[in-house]
Enquirer: 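Please see the structure below; I have some questions.
Every chain is numbered from 1 and lettered A, B, ... according to where its sequence line falls, protein lines coming before strand lines. Just so you know, these numbers use all the heavy atoms, side chains as well, and skip hydrogens, waters and symmetry mates. Here the structure is a predicted model, which is why all the values come from computation and not from measurement.
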Number of protein chains: 2
Amino acid sequence: METWLTQPDLDDLDVGTVLQALADPTRLRIVRLLGQVEESTCTALDLPVKVSTVSHHVNILRQSGVVSTRLDGTARPSRLRRADLERRFPGLLDSILHATPPRAADQPATSDVSGA
Amino acid sequence: METWLTQPDLDDLDVGTVLQALADPTRLRIVRLLGQVEESTCTALDLPVKVSTVSHHVNILRQSGVVSTRLDGTARPSRLRRADLERRFPGLLDSILHATPPRAADQPATSDVSGA
DNA sequence: CGATAGTTACGACGACCATCGTAATAGATT
DNA sequence: AATCTATTACGATGGTCGTCGTAACTATCG
């Protein structure tokens, strides 16, 4: 029998909460990494922050409904809730995972005006 | 000839920046409202914050590429960049606009464990 | 030209939160 | 049981940002 950390039910997921979870750069990186490896622990994720911080972010991701965490001995591997998110917010996760990086160019100031 | 406030080019849109823009509750409300009325000014949006704050949020939405703003006399009506966002991040905006509210129920604490 | 109304610019303040260091917990191994 | 390793819990701190009040700006109207 597998044991999991408690997570919000499918119908309780809030799009605003999910967006807040995905808004942080570090958490977005975590989501992208989990999109490639299917399952990973906090220490296995290669991130420029301390493990305690990674654990904090994974908690937020789980509480918002983005990932689910399994108990495997001393390890707590997490994975994306792909199917759940797809049912609740169709297209949201895929649009983020498939997003291409922006064209690396300096953008003009947006406070000015331009004729069209 | 219509005049518009400058906005980031399509290829310069960054999904992280867009997610940060959409993460704020007030900005998410603005996006939802613009999803219904097709075009609106800051004062026309019915929001529980001061107009100067609404203007601030609309600026962030425009700088992130979510909305575009037109100059019409003294008014500056903004609208969603639906087509652009759909081309850059297919499915992202629609998944947010079509998201249903969560089932209003108290969720259990997520720090505990549950057998499966 | 003067007045009015809508919008934005500018500081300033306060709250939230990402990050860290350390300590505590729990399972695995010998 | 003792030790080791992985993970989390706990404060604490510093920076970011949402919000506001006011002033400046711009276009329309009389």
Enquirer: Do V54(B) and I60(B) sit in one hydrophobic cluster, given that two such residues count as connected whenever their side-chain heavy atoms are within less than 4.5 Å of each other, even indirectly?
Expert: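 Different clusters.
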Enquirer: Does dA9(C) have its OP1 or OP2 closer than 4.0 Å to a side-chain nitrogen or oxygen of N59(B)?
Expert: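 Yes, such a contact exists.
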Enquirer: Any idea which heavy atoms bring S40(A) and L45(A) closest together, and the distance?
Expert: OG-CD2, 3.5 Å
Enquirer: Can you list every pair that meets salt bridge (charged side-chain N to carboxylate O under 4.0 Å, His left out) and has a residue in residues 15-36 of chain A, with sequence neighbours left out?
Expert: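 Found none.
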Enquirer: If you measure from OG1 on T41(B) to CG on D72(B), what distance do you get to the nearest 0.5 Å?
Expert: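 With rounding to 0.5 Å, OG1 (T41(B)) is 10.0 Å from CG (D72(B)).
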Enquirer: Of the options dT19(D), dT7(C), dT8(D), whose atoms approach the side-chain atoms of V51(A) most closely?
Expert: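 Selected nucleotide (nearest to the side chain): dT8(D).
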Enquirer: Rounded to the Å, how far apart are K50(B) NZ and dC10(C) C1'?
Expert: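 In whole Å, dC10(C) C1' lies 18 Å from K50(B) NZ.
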Enquirer: With R70(B), which residues qualify under salt bridge (Lys or Arg N to Asp or Glu O under 4.0 Å), at least two apart?
Expert: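 R70(B) satisfies salt bridge (Lys or Arg N to Asp or Glu O under 4.0 Å) with E2(B), E39(B) once adjacent residues are dropped.
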Enquirer: Please give the angle, rounded to 10 degrees, between the axes at the start and the end of the helix from dC1(C)-dG30(D) to dT30(C)-dA1(D), where five pairs define each axis.
Expert: 30°
Enquirer: Please lay out, stage by stage, how L80(A) and L93(A) fare under the test side chain to side chain contact (heavy atoms under 4.5 Å, CB included).
Expert: CA-CA 9 Å; L80(A) 292 178; L93(A) 184 59; 4.2 Å; yes
Enquirer: Supply the atom-to-atom distance N59(A) CG to T69(A) OG1, rounded to the nearest 0.5 angstrom.
Expert: 7.5 Å
Enquirer: Between P48(A) and P77(B), which has a closest nucleotide on DNA chain C that is more 5'?
Expert: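 Looking at DNA chain C, the more 5' nearest nucleotide goes with P77(B).
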Enquirer: I'd like a table of atom pairs between the protein and nucleotides 24-30 of chain D - only N or O on both sides, under 3.5 Å - with the distance next to each one.
Expert:
none

Enquirer: What distance separates H56(B) NE2 from C42(B) SG, expressed to the nearest 0.5 Å?
Expert: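 Nearest 0.5 Å value for the NE2-SG distance: 11.5 Å.
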Enquirer: At under 4.0 Å, does any side-chain N or O of H56(B) touch on OP1 or OP2 of dT7(C)?
Expert: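 For H56(B), the contact criterion (side-chain N or O under 4.0 Å from OP1 or OP2 of dT7(C)) is not met.
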Enquirer: For DNA chain C, what residues of residues 18-45 of chain A have any heavy atom nearer than 4.0 Å?
Expert: D24(A), T26(A), R27(A)
Enquirer: Measure from CZ on R70(A) to C1' on dT7(D) and round the result to the nearest Å.
Expert: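 Atom-to-atom, R70(A) to dT7(D), this comes out as 15 Å.
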Enquirer: Is there a side chain to side chain contact (heavy atoms under 4.5 Å, CB included) between V66(B) and L13(B)? Walk through the geometry before answering.
Expert: CA-CA 9 Å; V66(B) 177; L13(B) 299 193; over 6 Å; no
Enquirer: Compare every heavy atom of S95(A) with every heavy atom of L92(A), then report the nearest pair and how far apart it is.
Expert: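 That would be O-OG, 2.6 Å.
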Enquirer: Would you please name every residue forming a salt bridge (Lys or Arg N to Asp or Glu O under 4.0 Å) with D84(A), sequence neighbours left out?
Expert: R81(A)
Enquirer: Counting any heavy atom closer than 4.0 Å, what does I60(B) reach on the DNA or RNA strands: base, sugar-phosphate only, or nothing?
Expert: sugar-phosphate
Enquirer: For the pair made of CG in L61(B) and P in dT7(C), what is the distance, rounded to whole Å?
Expert: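 Taking atom P of dT7(C) as the reference, CG of L61(B) is at 16 Å.
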Enquirer: Are OP1 or OP2 of dT8(C) and a side-chain N or O of S52(B) less than 4.0 angstrom apart?
Expert: no
Enquirer: Whole angstroms only, please: what is the CG-P distance between L5(A) and dT7(D)?
Expert: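 That distance rounds to 12 Å.
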